[in-house]
Amino acid sequence: MTPVVLTVNAGSSSLRLHLIRDGRVLRVAHSEHSPDPAKAERTIADFLGHAGEQDGGRVTVGLVGHRLVHGGDAVLAPTVVDDGVLKAVRRFADLAPLHVPPALALVEAARRVLPSVPHVLCPDTAFHAGLPAEAATYPLPSEWRRRYGLRRFGFHGLSYANATGRAAELLGRPAGELQMVAAHLGGGSSVCAVREGRSVDTSMGFTPLEGVPMSTRSGSVDPGMLLWLLADSRLSLDELRDGLEHGSGLLGLSDGLSGDTRDLVASPEPAAALALAVFAHRVGREIAAAATSLDRLDALVFTGEIGWDQPEVREAVCRRLGLLGLDPPVRGNLDVDGFVSAPGARVPVVVVETREELQVAREALAAVGHAP
């Protein structure tokens with residue numbers, strides 16, 4: 001019998017808990033606040049307690065799956081947790097400081113609450129683990145690459161794996177026959193080229209800071225400019241890090257108005273319009289670049305919170321991609337996954353709701369030998 005899976009997804013500013021059995025969500029708790037490590041154990045215990053009450057006490061968790069944004073070289077595939085694995089992952093925590101420390105705190109808390117069941121780390125990097133060398137390798141001194149393990153890891157892999165499978169279902173073709181570009185647009189944003197179900201290029205790299213602008217993160221900027229800012233005491237390293245991670249992206253572009261596209265779409269301020277224009281320009285440019293890793297473009301897939309429910313952004317991005325055969329979407333938001341492009345479009349535009357919890361459950365089950 002397939003066990004009930006508790007999935008734990010600690011984001012940089014959110015916490016999502018799900019109970020899943022046979023691909024069906026039994027219960028969910030979602031908080032738009034950073035998980036408090038001191039209260040993590042109580043949060044999980046309360047969630048499980050309420051689930052038991054709701055289901056007449058019949059819910060017994062047999063497996064826990066944890067989303068892990070960055071495991072470096074320590075965890076490149078779904079991995080059953082033990083103390084050695086956690087110690088190895090901690091060495092890479094500073095590569096994703098907004099995500100990994102709270103995730104590890106949740107892992108430790110969940111192991112205390114549920115000590116007798118397997119816990120599985122499901123890394124966002126796994127989907128990109130097979131990137132071709134030309135896509136994964138930075139043009140840096142070879143000694144640096146060897147000594148520090150410098151390479152492009154890529155992120156949002158759980159979202160891309162789920163979106164790839166769901167888009168293939170909608171297109172009525174096996175994922176192994178399709179070549180697509182997918183854009184995960186949300187608080188963190190990235191673009192991925194998917195050839196025959198495998199990632200072959202992606203916009204994020206060694207850390208989740210590279211690529212397109214995000215809610216408060218800068219995305220890619222000129223490294224020479226960063227060196228200049230650090231020189232002559234213009235900025236300290238801490239100031240630079242804080243600015244790139246917390247004060248840039250849509251928030252910085254809009255002069256501090258908001259990092260949320262919903263606020264920016266509704267605002268009459270010129271800075272809001274500029275932020276949206278820069279975002280659409282950079283996302284469109286990354287999509288066009290990703291398409292060069294494919295032989296053809298069978299579909300463009302939008303996912304993530306912005307990709308799912310911000311039609312103004314989808315339209316602005318697609319308007320920049322006529323050279324790829326894309327037309328602007330003709331539909332706004334959908335209640336279910338589906339097409340926003342016109343019937344018969346040269347390149348279908350597909351919108352898929354982010355369901356990382358389902359992908360975590362599938363990968364956790366597979367890691368312990370259960371067919372998901």
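Values in this document were obtained by computation on a predicted structure and should not be read as measured data.
Listed here is the closest heavy atom pair of Ala272 and Leu264: CB-O, 3.7 Å. Minimum heavy-atom separation, Cys318 to Val349: SG-CG2, 4.3 Å. Summarising the geometry of Pro118 relative to Leu63, their closest heavy-atom pair is O-CD1, 3.4 Å, with the distance given to 0.1 Å. The shortest non-hydrogen separation linking Met180 to Leu294 is O-CD1, 3.5 Å. Across every non-hydrogen atom of Pro208 and Met214, the tightest pair is O-CE, 3.3 Å. Pairing each heavy atom of Leu131 with each of Ser199, the nearest pair is CD2-OG, 3.5 Å.
Listed by chain and number, the residues in a side chain to side chain contact (heavy atoms under 4.5 Å, CB included) with Asp295 are Gln179, Arg195 (sequence neighbours excluded). Here Phe155 pairs with His70 under the ring-ring contact (aromatic ring centres under 6.0 Å, His included) rule; sequence neighbours left out. By the side chain to side chain donor-acceptor pair (under 3.5 Å) test, Ser203 pairs with no residue at all, sequence neighbours left out. Scored by the side chain to side chain donor-acceptor pair (under 3.5 Å) test, Gln310 finds Thr261, Glu312 as partners (sequence neighbours excluded). Take Arg147 and apply the side chain to side chain donor-acceptor pair (under 3.5 Å) test, not counting sequence neighbours, and it matches Glu143. For Asp238, the side chain to side chain contact (heavy atoms under 4.5 Å, CB included) test picks out Ser236, Arg241, with sequence neighbours left out. With sequence neighbours excluded, the residues that form a side chain to side chain contact (heavy atoms under 4.5 Å, CB included) with Glu177 are Arg173, Pro174. Shown here are the side chain to side chain donor-acceptor pair (under 3.5 Å) partners of Asp82, two or more places apart in sequence or in another chain: there are none. Residues that satisfy the side chain to side chain contact (heavy atoms under 4.5 Å, CB included) test with Ala109, not counting sequence neighbours, are Ala40, Glu41, Ile44, Arg112.
A salt bridge does not link Lys39 to Asp46: none of the charged side-chain nitrogens sits closer than 4.0 Å to a carboxylate oxygen. Using a 4.0 Å cut-off between charged nitrogen and carboxylate oxygen, Glu286 and Arg282 do not count as a salt-bridge pair. A salt bridge links Arg166 with Glu169: the closest approach of a Lys/Arg side-chain nitrogen to an acidic carboxylate oxygen falls below 4.0 angstrom. With salt bridges taken as basic N to acidic carboxylate O contacts below 4.0 Å, none links Arg24 and Asp22.
Residues Leu17 and Val8 meet the side-chain proximity criterion, which asks for heavy atoms closer than 4.5 Å. Counting heavy atoms from C-beta on, the side chains of Val100 and Phe92 never come closer than 4.5 Å. Residues Leu114 and Leu6 meet the side-chain proximity criterion, which asks for heavy atoms closer than 4.5 Å. Here the side chains of Leu48 and Leu19 are in contact, with some heavy-atom distance below 4.5 Å.
The backbone N or O of Gly187 lies less than 3.5 Å from no partner atom in the side chain of Ser215, so there is not a single donor-acceptor pair. Asp201 places no side-chain N or O within donor-acceptor distance of the main-chain N or O of Ala290, the cut-off being under 3.5 Å. With hydrogens and angles ignored, the 3.5 Å screen pairs a side-chain donor or acceptor of Arg320 with a backbone N or O of Ala316. No donor-acceptor pair under 3.5 Å is formed between the side chain of Thr79 and the backbone N or O of Leu121. Side-chain atoms of Ser248 do not come within 3.5 Å of backbone N or O of Arg217 as any donor-acceptor pair. Between the side chain of Thr125 and the backbone N or O of Leu76, no donor-acceptor pair lies under 3.5 Å. Distance alone, capped at 3.5 Å, places no donor-acceptor pair between the His128 side chain and the Arg152 backbone. With hydrogens and angles disregarded, no donor-acceptor distance shorter than 3.5 Å links the side chain of Arg21 to the backbone of Thr2. Arg362 contributes no side-chain N or O that, together with a main-chain N or O of Gly23, makes up a donor-acceptor pair within less than 3.5 Å. Remark: side-chain polar atoms of Ser254 are paired, donor with acceptor, to backbone N or O of Leu251 under 3.5 angstrom.
Side-chain contacts under 4.5 Å among hydrophobic residues (ILVMFWY), followed directly or transitively, place Val330 with no other residue at all. In this structure, Phe127 belongs to a hydrophobic cluster whose other members, linked by side-chain heavy atoms under 4.5 Å apart, are Tyr160, Val194.
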Please list every donor-acceptor pair under 3.5 Å in which a side-chain atom of residues 299-308 meets a protein atom from a residue at least two apart or in another chain.
| unit_1 | atom_1 | unit_2 | atom_2 | d |
| --- | --- | --- | --- | --- |
| Thr303 | OG1 | Val352 | O | 2.8 |
| Thr303 | OG1 | Thr354 | OG1 | 3.1 |
| Glu305 | OE2 | Arg16 | NH2 | 3.0 |

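Residues Leu209 and Phe206 do not share a hydrophobic cluster, defined by chaining ILVMFWY side chains whose heavy atoms lie under 4.5 Å apart. Linking Ile, Leu, Val, Met, Phe, Trp and Tyr whenever their side-chain heavy atoms come within less than 4.5 Å puts Tyr148 and Leu95 in one cluster. Both Phe153 and Met204 are assigned to one and the same hydrophobic cluster, defined by single-linkage of ILVMFWY side chains at heavy-atom distances under 4.5 Å.
Counting heavy-atom neighbours within 6.0 Å of Leu323 CG, excluding the residue itself, gives a total of 12 or less. Counting heavy atoms of neighbouring residues, nucleotides and ligands inside a 6.0 Å radius, atom CZ of Arg262 does not exceed 12 of them.
With Asp124 as the fixed residue, the side chain to side chain donor-acceptor pair (under 3.5 Å) test singles out one of Arg67, His156, His99: Arg67.
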>> Run the side-chain contact (heavy atoms from CB on, under 4.5 Å) test on Val25 and Leu358 for me, step by step, so that the C-alpha distance in whole Å, both residues' side-chain angles and the decisive distance to 0.1 Å come before the verdict.
In response: CA-CA 8 Å; Val25 174; Leu358 298 180; 4.3 Å; yes
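In this structure, Ser142 OG and Leu150 CG are separated by 11.0 Å, a value rounded to the nearest 0.5 Å. Atom-to-atom distance recorded for Leu274:CG and Asp255:CG is 8.5 Å, nearest 0.5 angstrom.
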